[in-house]
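Below, chain A is the first sequence line, B the second, and so on; all start at residue 1.
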Amino acid sequence: MADTGNDSDISFESADEGEDVIQEPKPSQEEVSDNVKKKEEDVSGSKDGETLSGDPASENKDAGLEDVELGMSDRKETNTKDSEIHKDEEQQGICSDERTEGNSVTDSSGKEGAESLVQEVGTSETTAKDENSKNAKLEENLEGFAESPTNQSIDRASASSVLVDDESSSKETSSAGGGSWGSWGSSWSGWGTSLLSSASATVSAVSGSVGKVIENVESTLGVPKPEDLPCDQGESSDQKQDGQSEATDSQEEGHQASSPGAAVGSFFSYSASALTSAVGKTVTGGLDALESLGKKTMDVLQDGDPGLRRKRAYLRGNRRDQPNLSQLLREAKEEAEERSRLEVEEEERHKCHFGWLFEQNQGLAHLEALEILSNESETKVEATVGGGEDTSLEPLKTELMEIKDAFELEDVESEENDESGDFVNTITEHLFSLSIAATPNKLKKVQTDAHSWLANLEEESEEKEKPTAKEIHQKAMEVLADLTARSIEQFHKTGELLLLKQITEENKSPIQQATSLSKLTSVLCAEVSFVASKFSEKLSRIAASSPDAETVNGYITNIFLEASNSTSYIQDAFQLLLPVMQVVAIDKRDTSQ
Amino acid sequence: MTSGPYNYSYIFKYIIIGDMGVGKSCLLHQFTEKKFMADCPHTIGVEFGTRIIEVSGQKIKLQIWDTAGQERFRAVTRSYYRGAAGALMVYDITRRSTYNHLSSWLTDARNLTNPNTVIFLIGNKSDLEAQRDVTYEEAKQFAEENGLLFLEASAKTGEHVEEAFLDTARKIYQNILDGSLDLNAAETGVQHKPSAPDSNQANLEPGGGKDSCSC
């Protein structure tokens, strides 16, 4: 038992230390688990002590009850000192005050309580002191050990009062400043430890005091009063009623204010179950009173638990600064849904975004590669004709200038075919005139696909479900992007093949080739405008009958915008071929010389 | 293509080089499409492939330049080496001549790329074990002597194809992290896209070489 007493001392102190350190609203997870561990240790430690002390405790039961009665009558006599009593109570019994006021208060009052208890054994003035003194005495009897039982009885006194506090805690909390949170949070953990340690260590002496515990618990939780309460409780009905009303008040307030939170509930339930097992063990001592009281305690605590669960759930819902797991999971789920929704939206957006589609079709890569070839060719051209006033270079310079002239595009519109049906023939012809092995297969495919899609749209419009304006717009973007990318690719390949230095005498002159390229460019640009106007035409028809004409008109505008974008890509690519063509001319001159 | 194609933090430029017919285009096709292209036409100049991969939680877009192996294109394809962050140098394990040409390819790769370019040696057609003409050991030794990463792969079965592309990216990314690859320097072959939503690279590479997009 002495060991147990030491154990509880230690845990009591450590709880106090915790108070000193912690300034956060609540004990952290680790602290809670630490305390839980402590409780477990305490419980296991106390079990031995209890079984040993079971019999002596029962022997002293009568004496203890006598003490209680004595104490009660004393208290009656000193009823005039009510205010003083109340003060004492507040100091010792209702620990919540002390806890909210700060650590130093708790410490000092604890010490004071201990001292006064030692002094007042047998002649205590208040109910709480009744218990304390009685327990102290009981434990003295049991153990002949004055020091630790006193501490334990303080613990237990606070434990029993905390049963009240559990509900009334928030009252003080709400009135106290922000700093009180720290002491509160830790007081709960301290309470868990002290309740447990006191409960387990002094459970053998519970017989007398448990009545008070029950009373407090009952008044707090609204559990019906047990019929066979010890008689001394009837005598203290005045006091009780006070406490009851206070408890009820604080209970109500407790629901309004936000208070220590989820850990409290779980703590309570945990300590309750631990207490239950500890009490159950003791009860086997076989003493009727002790057994019934112990069972009562169990019942009451278990009865109270569901209520606390409800409260815990309530508090949990109220706390914003500490979301629980399910909340976190819910939020994570929502976040994931939101993200995937955004991704889908983004993809949708990209699907009809010309720039993105163009990149997807490797249009940009081909443009970049063509740019590299162009830049290198330009360097070469400048190296050849840039420096010096070599008159032998004059014919070459003239030729290069002519090539440059050939790269000046005529007005695109003037070249436009009445029907783009011969697009394939035209570009094949132009590419052939370049005398390179490039075949416009990909270009052909894109163009054919686009035209057949448009033709389908025309045919199906009578019977089948029409594609929406959005779908037409998307298709238009796809076609334009693909057509542009393939055009750029064609120019890129052309450039690569032109640089192979395999151009032989029978080939056409670079100027002729340049002219062919220029024509090719015009055809490609014409095709782009043709496709764009076709798609716009379809959309215009829809816009005329659509309730959402504004959106459809936006699509039409976009198609024309991207068509012009496409045209400038193609023309830029064409211009990039100028240095390449000039290099061809230079190479040709070199080989012919 | 993979979803969310705009959500990447980096673009790495790769080039694939090596003799004609060693399977460069097939390796690329296997990597991007996860399919074997049995009847692959000769590449003209350069072709492209892209795939978004993930390295250390970072989405990276690989922009792969698959060069023509034909000798006549050599002059043109040399132009494309510049600014490659990774170079996959491929030979055919069933044809020793393709292995013998490696030093020439390696010279080009060294001369035309920057010093940080990661060069990965791939011995392709590892599925044709019966026709093997180049042992694993000698190629491994060649790779070690020249500081190259090395794997034997098969574009047909897909064996080690992923690994070759991904290991290269990991090495490049590692070079970025340890600072040996300066993103602000020209022609690193790496473009940083700070716009990526959940990128924690924003503070890692504050002045990262953000490249303007022409769209």
Side-chain angles (χ1 to χ4, degrees), chain A residues 335 339-340 342-351 353-377 379-380 436-439 441-442 481 484-485 489-490 492-502 562 565 568-569 572 580 583 587, chain B residues 1-8 11-16 25 28-29 32 41-52 59 61-68 70-84 112-113 186-187 189 191 193 195-198 211-215:
Chain A
E335 208 170 281
R339 200 165 39 229
S340 64
L342 283 174
E343 252 168 40
V344 168
E345 268 178 19
E346 195 169 88
E347 217 174 306
E348 287 266 300
R349 208 152 35 84
H350 287 148
K351 266 183 191 161
H353 186 269
F354 174 80
W356 183 80
L357 289 164
F358 179 62
E359 196 186 333
Q360 281 301 103
N361 287 323
Q362 305 295 358
L364 272 185
H366 282 293
L367 195 60
E368 190 188 338
L370 178 57
E371 220 167 345
I372 291 170
L373 293 182
S374 181
N375 289 340
E376 294 201 341
S377 299
T379 313
K380 196 170 176 182
I436 52 169
T439 51
N441 291 335
K442 288 179 181 174
T484 313
E489 184 179 0
Q490 194 67 61
H492 173 216
K493 294 291 169 208
T494 303
E496 286 177 334
L497 290 166
L498 284 171
L499 286 171
L500 288 182
K501 298 180 187 174
Q502 291 183 339
E562 299 300 7
N565 214 345
S568 32
Y569 271 123
D572 285 353
V580 175
V583 166
D587 286 347
Chain B
M1 277 279 128
T2 45
S3 66
Y6 256 32
N7 297 325
Y8 49 83
I11 305 175
F12 290 176
K13 176 182 172 179
Y14 279 16
I15 52 165
I16 310 181
S25 298
L28 174 61
H29 198 258
T32 57
H42 289 308
T43 304
I44 295 170
V46 67
E47 285 297 338
F48 303 98
T50 47
R51 194 177 135 187
I52 293 169
K59 288 247 171 69
K61 178 179 175 177
L62 298 183
Q63 176 74 52
I64 304 150
W65 296 49
D66 168 33
T67 64
Q70 284 170 287
E71 188 58 37
R72 65 188 185 117
F73 282 109
R74 194 80 182 257
V76 169
T77 55
R78 276 193 185 113
S79 310
Y80 302 136
Y81 284 47
R82 247 171 57 180
L112 299 166
T113 63
E187 322 241 297
Q191 293 171 32
K193 277 191 65 168
S195 55
D198 53 351
D211 206 289
S212 61
C213 179
S214 61
C215 54

Can you give me the closest heavy-atom contact between Ser79(B) and Ile372(A), atom names plus distance? O-CG2, 3.3 Å
Checking Arg82(B) now: which residues fulfil side-chain contact (heavy atoms from CB on, under 4.5 Å) with it, not counting sequence neighbours? Glu187(B)
Are Glu496(A) and Arg72(B) close enough for a salt bridge, meaning some N to O gap below 4.0 Å? no
Closest approach of Ala365(A) and Gln63(B), non-hydrogen atoms and distance? CB-NE2, 3.6 Å
Tell me, please, which residues at least two apart from Ala369(A) pass side-chain contact (heavy atoms from CB on, under 4.5 Å). His492(A), Val46(B), Phe48(B), Trp65(B), Tyr80(B)
Can we say Glu359(A) and Lys61(B) salt-bridge, meaning some charged N sits less than 4.0 Å from an Asp/Glu carboxylate O? yes
Do Leu499(A) and Phe73(B) have side chains that get closer than 4.5 Å, going by heavy atoms? no
